[in-house]
Number of protein chains: 2
Amino acid sequence: MMELTRKGEYAIRGIVYLATQPAEQVCLLSDIASAVDVPQTFLAKIFQQFSKIGLVRSYRGTGGGFVLGRSPDKITLLEVVEAVEGPIAPNRCVTGEGECSRDADCTVHPVWVSVQNQVRDILARVTLLDLSGR
Amino acid sequence: MMELTRKGEYAIRGIVYLATQPAEQVCLLSDIASAVDVPQTFLAKIFQQFSKIGLVRSYRGTGGGFVLGRSPDKITLLEVVEAVEGPIAPNRCVTGEGECSRDADCTVHPVWVSVQNQVRDILARVTLLDLSGR
DNA sequence: CCAAATAAGATTATTTATATCCTATTTAGT
DNA sequence: ACTAAATAGGATATAAATAATCTTATTTGG
Ligand code: SF4
Ligand code: SF4
């Protein structure tokens, strides 16, 4: 239950790799993909998503590639995961209002809220700097 | 990310309903299903799973139905969820050995172990008695 | 024997996950 | 300007998981 998808796993591997590189070092997608053992075309999609929200910067054309959008200590694992997997939500009733008609007096609902908070908290405390092993 | 499936949600609703009933009260599947708003045939499958591991007891034939297998304070939400969803595992590398060749020196791995432990802990602390609202 | 009820296996439909393909666009260097 | 290198983005394909239903069998009380 509650398993990260490949997409999420690949996303983390890819961006953590960037975090291990020297700052502002532009990395080829092909290099990243082979280094972290992820299908290149799939990783391309993931990094496009990252790029849109500024987690990475992309450079097109010859000499292009990817760089972290911010310093590694300013990017949390929570951001990375939610960028590709969507919000952390152990059940539909914690994604927003009106998802379940029973939530008003449901005794289980608070448990999921608690799970959501705990997981978010753990992931938010981990930065790419922590994960880079530097 | 990490969302409970319908099956899990239905399973919880169904067994929590049983916990709200008087002890040893045999409940019709059709009554449970309509009370918690779950497709009856789907709930049947779920309760068959519960029955196999003793979370509920089933009685066949006329006057049959389902009863909790143990007193509600002895059944945790963790048991219920894992019975139908499988083990709590935020990533494949925490399901068992050898799931990922990178786990030996992976910096992310411990984070998932932590998430797994926290979630399991939260769910294990909640019993059906708590959820029954009695 | 009959009607009520769950058990169990098979099957189907839908959705999500996991990619891959193709074309477009951008850029550096010549 | 031209070319090769590189990412962007849309469309498509395949596979797997989810969600549900169908059918048949078995059990039980009356
Ligand atoms: S836990 Fe409660 S509020 Fe959440 S989906 Fe289930 S019934 Fe609805
Ligand atoms: S977090 Fe690390 S150990 Fe776990 S699957 Fe990813 S690479 Fe493997």
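Proteins get letters first, then strands, A, B, ... in listed order; numbering begins at 1 in each.
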Heavy atoms from C-beta onward define the side chain here; which of [options] lies closest to that of [X]?
X       : options               : answer
B:Thr5  : D:dT21, D:dA19, D:dA8 : D:dA19
B:Lys45 : C:dA7, D:dC22, D:dA20 : D:dC22
B:Thr62 : D:dT7, C:dT6, D:dT28  : D:dT28

* Asked: Want to settle it: does A:Gln40 or B:Arg6 sit nearer the 5' end of DNA chain D, counting the closest nucleotide to each?
  -> A:Gln40

* Structure fact -> Between A:Gly61 and B:Gly65, the residue closer to the 5' end of DNA chain C by nearest nucleotide is B:Gly65

* Asked: What does A:Phe47 touch in the nucleic acid at a heavy-atom separation under 4.0 angstrom: a base, only the sugar-phosphate, or nothing?
  -> nothing

* Asked: With a 4.0 Å cut-off on heavy atoms, is A:Lys7 in touch with a base, just the backbone sugar-phosphate, or nothing at all?
  -> sugar-phosphate

* To do: Say whether, by atom type as modelled, one donor and one acceptor occur between the side chain of A:Glu85 and the main chain of A:Leu4 under 3.5 angstrom.
  => no

* Partner of A:Tyr10 under side-chain contact (heavy atoms from CB on, under 4.5 Å), chosen from A:Val84, A:Ile15, A:Val38 -> A:Val38

Whole-Å distance between [N] [atom2] and [X] [atom1]?
X       : N      : atom1 : atom2 : result
B:Leu28 : D:dG29 : CG    : P     : 14 Å
A:Phe42 : D:dA13 : CZ    : C1'   : 14 Å
A:Ile46 : D:dT7  : CD1   : C1'   : 15 Å
B:Leu18 : C:dT6  : CG    : P     : 11 Å
B:Leu29 : D:dT21 : CG    : C1'   : 14 Å
A:Arg92 : D:dT18 : CZ    : C1'   : 11 Å
B:Leu43 : D:dT21 : CG    : P     : 12 Å
B:Leu4  : C:dT16 : CG    : P     : 15 Å

* **B:Glu79 bridged to B:Lys74 by N-O distance under 4.0 Å** => no

* Considering only NZ, NE, NH1 and NH2 on the basic side and carboxylate oxygens on the acidic side, decide whether A:Arg102 and B:Glu9 come within less than 4.0 Å. => no

[N], OP1 or OP2 - any side-chain N/O from [X] closer than 4.0 Å?
X       : N      : result
B:Ser58 : C:dA7  : yes
B:Thr41 : D:dT21 : yes
B:Tyr10 : D:dA20 : yes

* Is a donor-acceptor pair below 3.5 Å formed from side chain A:Lys52 to base D:dG9, judging by atom type as modelled? -> no

* A:Arg60 (side chain) and C:dT25 (base): donor-acceptor pair under 3.5 Å -> yes

* **Exercise: do B:Thr127 and B:Asp130 side chains pair donor with acceptor under 3.5 Å** => yes

